[in-house]
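Presented below is the structure to which this report refers.
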Amino acid sequence: MTFLLLACALLSSDPVTPILSALPQGTVHQRMDAASRMLMGRPYLLGPMGEGDASLGEAKPRVRLDSLDCVTFIEQSEAFARSQDTASFRRILDSIRYEKAKVRWETRNHWMECGWFSSNASRVRLLNLPGSVEETRTLGLKAFFAAHGIARKDSNLTLRYLPRDRAIEWLRNGKNLTRIHGVGLVGKVPSIFLLHTGFLMPGPDGIGLRHASQTGTVKQEPASLYLESKAKFKGIVVWEYLP
């Protein structure tokens with residue numbers, strides 16, 4: 001039955017209702033796990049979503065499930081977990097993606113570290129993992145927004161993260177988590193912190209990374225092995241989802 005509902009979703013102008021109907025009752029974490037699992041196998045596409053109206057920013061759709069990038073994957077999975085119908089899904093998704101749920105390109109939470117976390121403070125909480133370190137960077141907001149004709153100043157931000165070697169060891173132990181969490185991977189580019197995001201999934205053989213991968217699709221793989229294979233990342237930040 002679940003397969004038939006999801007197959008219909010691909011052909012329907014309303015892809016939200018079939019997935020909501022297939023979700024189990026349960027906690028936010030259980031529903032987020034189920035929703036994100038239903039999206040596995042969908043193709044990766046960078047920047048698939050916009051404001052749905054060119055006068056508000058980008059005309060690309062505000063909801064899109066046939067193709068996902070790393071951010072739209074976690075945002076829509078969370079919106080499914082916290083919603084009971086299509087109207088609430090769209091309202092919650094807007095509140096996740098936009099500052100004060102004001103749908104415009106300039107109020108979209110483009111930068112997780114300096115916009116997304118603060119806009120979602122009532123829903124997520126960053127963990128202070130043992131062995132974390134602090135680093136301060138000047139985020140390149142000025143050039144980013146100037147490309148769209150919007151004046152912004154660069155912003156200094158201090159972020160705590162678990163360094164690469166310690167993160168790999170932490171991710172090898174599946175008992176470090178008991179339910180789904182969010183993860184951001186810290187890069188080496190000096191003008192930005194987080195270059196990728198996804199979900200961390202506890203498991204008997206270590207923590208899994210469920211993410212929209214640039215290699216092609218939404219998939220799950222061992223998080224420690226993924227981090228080991230990506231020299232461009234120097235650590236991780238992890239957050240829990242609040243009820």
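For the single chain, residues carry numbers from 1 onward in sequence order.
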Do you know the tightest heavy-atom contact between [X] and [Y]?
| X | Y | result |
| --- | --- | --- |
| Pro48 | Pro61 | O-CD, 4.1 Å |
| Ala34 | Leu23 | CB-CD2, 3.8 Å |
| Asn128 | Ser132 | OD1-CB, 3.9 Å |
| Leu195 | Gly187 | CD1-CA, 3.5 Å |
| Gly182 | Tyr241 | N-CE1, 3.6 Å |
| Gly198 | Ile74 | CA-CG2, 3.7 Å |

Is it true that a side-chain atom of [X] and a backbone atom of [Y] form a donor plus acceptor pair closer than 3.5 Å?
| X | Y | result |
| --- | --- | --- |
| Gln214 | Tyr44 | no |
| Arg42 | Leu65 | yes |
| Asp94 | Ala101 | no |
| Ser21 | Thr17 | yes |
| Ser119 | Gly115 | yes |
| His181 | Arg179 | yes |
| Arg137 | Val189 | yes |
| Thr107 | Lys102 | yes |
| Lys188 | Ala231 | yes |

Please check if [X] and [Y] belong to a single hydrophobic cluster, counting links between Ile, Leu, Val, Met, Phe, Trp and Tyr side chain heavy atoms closer than 4.5 Å.
| X | Y | answer |
| --- | --- | --- |
| Val133 | Trp239 | yes |
| Val103 | Phe89 | no |
| Ile92 | Leu242 | no |
| Met32 | Leu127 | yes |

Contacts of Phe73 meeting ring-ring contact (aromatic ring centres under 6.0 Å, His included) (sequence neighbours excluded), chain-then-number -> Phe199

With side chain to side chain contact (heavy atoms under 4.5 Å, CB included) as the test, would you mind laying out the steps for Met201 and Ile207 before giving the verdict? CA-CA 5 Å; Met201 311 299 302; Ile207 294 171; 5.8 Å; no

Distance in Å, [X] [atom1] paired with [Y] [atom2], rounded so as to fall on 0.5 Å steps:
| X | Y | atom1 | atom2 | answer |
| --- | --- | --- | --- | --- |
| Asp69 | Leu45 | CG | CG | 7.5 Å |
| Ser77 | Leu93 | OG | CG | 10.5 Å |
| Glu113 | Ser118 | CD | OG | 10.5 Å |
| Leu194 | Ile236 | CG | CD1 | 11.0 Å |
| Thr86 | Ile19 | OG1 | CD1 | 10.5 Å |
| Leu139 | Asn156 | CG | CG | 7.5 Å |

So ring pair (Phe, Tyr, Trp, His ring centres under 6.0 Å) across residues 146-166, not counting sequence neighbours, yields Trp105-His148

With a 4.5 Å heavy-atom cut-off, do [X] and [Y] have their side chains touching?
| X | Y | value |
| --- | --- | --- |
| Val16 | Phe80 | yes |
| Leu126 | Val238 | no |
| Leu68 | Gln76 | yes |

**Asked** Can Lys234 and Glu135 be said to form a salt bridge (charged side-chain N to carboxylate O under 4.0 Å, His left out), step by step?
**Response** CA-CA 11 Å; Lys234 60 185 298 184; Glu135 183 178 340; 3.3 Å; yes

| request: Determine, stepwise, if the pair Glu106 / Arg152 fulfils side chain to side chain contact (heavy atoms under 4.5 Å, CB included). | output: CA-CA 10 Å; Glu106 59 264 36; Arg152 292 284 177 89; 4.2 Å; yes

Under a 4.0 Å threshold between the charged nitrogen and the carboxylate oxygen, would Asp33 count as salt-bridged to Arg37?
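Salt bridge present between Arg37 and Asp33.
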
**Request:** Show your working on side chain to side chain contact (heavy atoms under 4.5 Å, CB included) between Met112 and Thr197 and close with a plain yes or no.
**Result:** CA-CA 9 Å; Met112 293 197 74; Thr197 187; 4.0 Å; yes

| message | Suppose we screen for side chain to side chain contact (heavy atoms under 4.5 Å, CB included). Which residues come up paired with Thr215, at least two apart in sequence or across chains? | response |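 By the side chain to side chain contact (heavy atoms under 4.5 Å, CB included) rule, Thr215 matches Ser213, Lys219.
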
- Message: Tell me which one of Phe117, Phe144, Trp116 satisfies ring pair (Phe, Tyr, Trp, His ring centres under 6.0 Å) with Trp111.
- Response: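 Result for ring pair (Phe, Tyr, Trp, His ring centres under 6.0 Å) with Trp111: Phe144.
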
Residues pairing under salt bridge (Lys or Arg N to Asp or Glu O under 4.0 Å) where one sits in residues 154-165, two or more places apart or in two chains, turn out to be Glu134-Arg160

Distance-only donor-acceptor hits, side chain of residues 49-57, under 3.5 Å, sequence neighbours excluded:
unit_1: Glu51; atom_1: OE1; unit_2: Glu58; atom_2: N; d: 2.8
unit_1: Glu51; atom_1: OE1; unit_2: Arg108; atom_2: NH2; d: 3.2
unit_1: Glu51; atom_1: OE2; unit_2: Tyr98; atom_2: OH; d: 2.8
unit_1: Glu51; atom_1: OE2; unit_2: Arg108; atom_2: NE; d: 2.9
unit_1: Glu51; atom_1: OE2; unit_2: Arg108; atom_2: NH2; d: 2.9
unit_1: Asp53; atom_1: OD1; unit_2: Ser55; atom_2: N; d: 2.9
unit_1: Asp53; atom_1: OD1; unit_2: Ser55; atom_2: OG; d: 2.7
unit_1: Asp53; atom_1: OD2; unit_2: Ser55; atom_2: OG; d: 3.2

Worked verdict on Leu20 versus Arg31 for side chain to side chain contact (heavy atoms under 4.5 Å, CB included):
CA-CA 10 Å; Leu20 281 173; Arg31 287 169 61 82; 4.3 Å; yes

Listing, residues 166-173 side-chain donor-acceptor contacts under 3.5 Å, not counting sequence neighbours, or none:
unit_1: Arg166; atom_1: NH1; unit_2: Gly131; atom_2: O; d: 2.4
unit_1: Glu169; atom_1: OE2; unit_2: Arg172; atom_2: NH1; d: 2.3
unit_1: Arg172; atom_1: NH2; unit_2: Glu228; atom_2: OE2; d: 2.9
unit_1: Asn173; atom_1: OD1; unit_2: Lys175; atom_2: N; d: 2.9

Verdict with supporting geometry, His211 and Glu221, side chain to side chain donor-acceptor pair (under 3.5 Å) | CA-CA 9 Å; His211 63 137; Glu221 57 192 304; 2.7 Å; yes

